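Only one structure is covered here, and it is reproduced in the block below.
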Amino acid sequence: MSNSIFSSRYPFKNPPLPYGYNSLEPFIDSKTMHLHHDKHLQTYIDNLNKTLAGHKELWGYSLQELIIHSDILPKDIKTPVLNNAGGVYNHAFYFQGMTDNKGEKPSELADFHISKTFGSYDGFKKAIKDAALGVFGSGYAWLVLEFESDRLAVMQTANQDTLLNMRGVIPLLNIDVWEHAYYLKNYNMRNEYIDNWFNVVNWQSVECRLWSVRRV
Ligand code: MN
């Protein structure tokens with residue numbers, strides 16, 4: 001799954017996972033991955049396409065542009081476009097943020113920033129775990145780079161809100177804490193799911209995002 005989903009246009013297509021459905025076992029199970037990618041993400045894509053079908057004037061906008069420039073959206077479809085485009089963006093980000101190369105640890109730039117902001121890798125884990133546990137209902141916890149201070153921070157978003165309209169914040173990593181992300185395997189134990197997720201975090205993608213930040 002490349003970045004292309006973020007810059008792709010109507011009609012949107014569900015990109016395949018960058019790893020096998022069962023490749024994150026035993027930390028995240030194959031059944032959850034099938035359901036999450038093929039049903040939940042697919043539904044956001046289908047609903048986004050359905051909502052945009054009668055609005056040819058919006059077909060030239062990319063997924064990110066639809067969210068960032070939501071002022072251009074007609075009133076009657078603004079909410080469904082934002083909810084569904086957000087659902088596509090957040091899920092694509094989440095799937096990219098995991099890898100079957102289990103047990104990766106932050107390297108180079110990510111490691112430097114983690115030490116600078118959280119003191120240690122364990123400090124980072126505690127910060128994002130607290131944020132993920134603290135999301136009330138459905139949403140996401142994020143690791144971000146704050147552009148001005150050049151420091152990392154953790155944030156929360158509700159439902160399918162994104163961080164795309166938050167100025168000066170560059171999203172690096174997210175964890176989906178909607179119950180469908182863990183209910184089949186961990187039941188109501190969000191705590192257990194988060195602990196498992198640490199084993200499949202794609203630190204290479206975080207590293208790439210950090211290196212791609214242009215400081216002017
Ligand atoms: Mn989800």
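For reference, positions follow the sequence shown, starting with 1. Atoms within each ligand, like the ligands themselves, are counted from 1 in listed order. None of these values were measured; they are calculated from a predicted model.
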Does a donor on one side chain sit under 3.5 Å from an acceptor on the other, for W142 and T157?
yes

Looking at D176, pick out the N, O or S atom nearest to the Mn ion (ligand 1) and give its name.
OD2

Just wondering, are more than 12 heavy atoms of other shown residues or ligands nearer than 6.0 Å to NZ in K126?
no

Donor-acceptor pair between N90 and Y44 side chains, under 3.5 angstrom
no

Once rounded to 10°, what is the value of the angle centred on the Mn ion (ligand 1) between H91 NE2 and H180 NE2?
120°

Can you tell me if an N/O/S atom from H40 lies under 2.8 Å from the Mn ion (ligand 1)?
no

Taking the six-membered ring of F93 as reference, does the cationic atom of R209 (NZ for Lys, CZ for Arg) lie under 6.0 Å from its centre and within 45° of its axis?
yes

